[in-house]
Engineer: 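Sharing a structure here in structure tokens format.
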Number of protein chains: 2
Amino acid sequence: MSDTDIFKVLADPTRRAVLERLASAELTATELREGFAISQPAMSQHIAVLRGAGLISERREGRFAHYRVAPEGMAPLHKWLAKYRAFWPSRIDNLKDLLKEMDQ
Amino acid sequence: MSDTDIFKVLADPTRRAVLERLASAELTATELREGFAISQPAMSQHIAVLRGAGLISERREGRFAHYRVAPEGMAPLHKWLAKYRAFWPSRIDNLKDLLKEMDQ
DNA sequence: ACGACTCATAAGTTTGTGCTTATGTATCCG
DNA sequence: CGGATACATAAGCACAAACTTATGAGTCGT
């Protein structure tokens with residue numbers, strides 16, 4: 001998955017909203033569609049794109065498809081952004097706090 | 001600058017390449033164009049987009065326009081990605097190393 | 001077996017993005 | 001002043017992206 005593809009995939013607000021909803025819970029395609037003013041095929045297509053990018057994973061169960069975030073798919077994005085870490089200083093303190101939290 | 005806009009801006013490989021070149025040095029529009037198989041207006045348009053997104057800043061000097069990275073423009077991206085930091089564990093060690101480096 | 005349900009795929013339309021050529025504006029230099 | 005240089009803007013075109021409706025494929029319950 002190229003950087004260009006990752007950015008293109010995430011440039012769509014509906015797809016980012018889908019990721020956000022999946023961040024807190026595993027959901028089916030139909031459940032995901034709730035709250036979106038979008039047709040079922042449109043959602044299906046977005047899901048296919050997210051899956052193609054490795055950003056979500058699928059668990060089939062009968063006629064239901066359950067989706068969840070595949071965080072490792074964000075790796076290219078992390079990696080790209082890291083190239084600009086020389087400019088992070090103002091955020092380092094936050095990171096330090098975060099690490100302290102996680103140590104406990 | 002919305003998340004959607006930031007992602008759209010960065011989804012273009014030419015624009016990301018421009019940022020990469022500017023990360024190490026301040027350059028003029030013409031200098032930036034070197035190595036790209038692209039017309040002058042095309043580059044000018046990409047620059048306008050990057051500037052509109054707050055990702056680069058301009059320093060005018062006579063007829064020359066010098067550009068450099070405006071790292072704070074990446075903030076929305078950092079912020080968005082941080083929402084998925086719950087999935088970072090495998091990267092925490094790298095962060096710790098990074099912080100150690102920066103403390104010295 | 002049959003209708004209802006969940007999701008995927010196909011085809012067509014519309015809108016957006018990035019490019020081009022042409023031209024405009026401002027600055028520098030001889 | 002007048003030509004050359006640096007960059008921006010305008011207009012038009014080609015391709016890509018996201019949506020729609022229609023339909024297909026598989027699963028469930030009665």
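Scope of the values below: all heavy atoms of this structure, side chains included, with no hydrogens, waters or symmetry mates. Chain A is the first sequence line, chain B the second, and so forth, proteins listed ahead of strands; every chain is numbered from 1.
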Engineer: Expressed as a whole number of angstroms, how long is the span from A:Arg59:CZ to C:dT6:C1'?
Structural biologist: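 Going from A:Arg59 (CZ) to C:dT6 (C1'), I get 15 Å.
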Engineer: Quick check: on DNA chain D, is the nucleotide nearest A:Ser39 upstream (toward 5') of the one nearest B:Ile47, or the reverse? Name the residue that is more 5'.
Structural biologist: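 With B:Ile47 and A:Ser39 compared, the 5'-side residue is B:Ile47.
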Engineer: Any donor-acceptor pair, under 3.5 Å, between the side chain of A:Arg63 and the base of C:dC5, if you only look at N and O atoms?
Structural biologist: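 Indeed there is one.
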Engineer: Send over the distance from B:Arg33 CZ to C:dC19 P, rounded to a whole Å.
Structural biologist: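 Rounding to the nearest Å, CZ of B:Arg33 and P of C:dC19 are 12 Å apart.
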Engineer: Between B:Glu61 and B:Arg59, is there a side-chain N and carboxylate O pair less than 4.0 Å apart?
Structural biologist: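 Between B:Arg59 and B:Glu61 there is a salt bridge, with a charged N closer than 4.0 Å to a carboxylate O.
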Engineer: Calculate the interatomic distance between A:Tyr67 atom OH and C:dT6 atom P; express it in whole Å.
Structural biologist: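 Checked: the OH to P distance equals 14 Å.
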Engineer: Hydrogens and angles aside, do B:Arg16 and A:Thr4 bring a side-chain donor and acceptor to less than 3.5 Å of each other?
Structural biologist: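 A pair is found: one side chain offers a donor N or O, the other an acceptor, under 3.5 Å apart.
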Engineer: Between B:Val49 and B:Pro41, just flag the one whose closest nucleotide in DNA chain C comes earlier from the 5' side.
Structural biologist: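 Nearer the 5' end of the strand: B:Val49.
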Engineer: Does A:Ser57 offer a backbone N or O that forms a donor-acceptor pair with the side chain of A:Arg51 under 3.5 Å?
Structural biologist: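 Such a contact is absent between A:Arg51 side chain and A:Ser57 backbone.
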Engineer: Please work out if A:Glu58 contacts a base, only the sugar-phosphate, or nothing of the nucleic acid, heavy-atom cut-off 4.0 Å.
Structural biologist: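 Result for A:Glu58 = sugar-phosphate.
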Engineer: Nearest whole Å is fine: how far is D:dC7 P from B:Leu50 CG?
Structural biologist: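 In whole Å, D:dC7 P and B:Leu50 CG are 15 Å from each other.
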Engineer: Over how many whole Å does the gap from B:His66 atom NE2 to C:dT27 atom P extend?
Structural biologist: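 That distance rounds to 14 Å.
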Engineer: Touch check for A:Ala42, heavy atoms < 4.0 angstrom, all strands: base, sugar-phosphate only, or nothing?
Structural biologist: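 Base contact - A:Ala42 has a heavy atom under 4.0 Å of at least one base atom.
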Engineer: Report the distance from atom CD of B:Gln40 to atom P of C:dA22, rounded to the nearest whole Å.
Structural biologist: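 Distance check: B:Gln40 CD to C:dA22 P gives 14 Å.
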Engineer: For B:Phe64 and for A:Thr14, locate the closest nucleotide of DNA chain D by heavy-atom distance; then report the residue assigned to the nucleotide nearer the 5' terminus.
Structural biologist: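 Closer to the 5' end of DNA chain D: B:Phe64.
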Engineer: Separation of A:Gln45 atom CD from D:dC19 atom C1', in whole Å?
Structural biologist: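 My rounded result for the distance is 8 Å.
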Engineer: Within the pair A:His46 and D:dA17, is there a side-chain N or O less than 4.0 Å away from OP1 or OP2?
Structural biologist: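 Indeed not, no polar side-chain atom of A:His46 lies that close.
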Engineer: Rounded at 0.5 Å granularity, tell me how far CH2 in A:Trp80 sits from CG in A:Asp3.
Structural biologist: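 It comes to 8.0 Å.
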Engineer: At less than 4.0 Å, is any side-chain N or O atom of A:Arg60 found next to OP1 or OP2 of D:dA25? Yes or no.
Structural biologist: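 No, outside the criterion.
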Engineer: Name the nucleic acid region contacted by A:Arg51, choosing base, sugar-phosphate or nothing; use a 4.0 angstrom heavy-atom cut-off, strictly under.
Structural biologist: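 The answer is nothing, as A:Arg51 stays clear of every strand by at least 4.0 Å.
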Engineer: Please determine whether residues A:Met1 and A:Leu77 belong to a single hydrophobic cluster, defined as Ile, Leu, Val, Met, Phe, Trp and Tyr linked transitively by side-chain heavy-atom distances below 4.5 Å.
Structural biologist: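 Hydrophobic grouping puts A:Met1 with A:Leu77.
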Engineer: Classify A:Arg15 by what it touches in the nucleic acid, base, sugar-phosphate, or nothing, heavy-atom distance under 4.0 Å.
Structural biologist: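 The residue A:Arg15 makes sugar-phosphate contact but no base contact.
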Engineer: Starting at CZ of A:Phe36 and ending at C1' of D:dT20, how long is that distance when rounded to a whole Å?
Structural biologist: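 Result: 18 Å.
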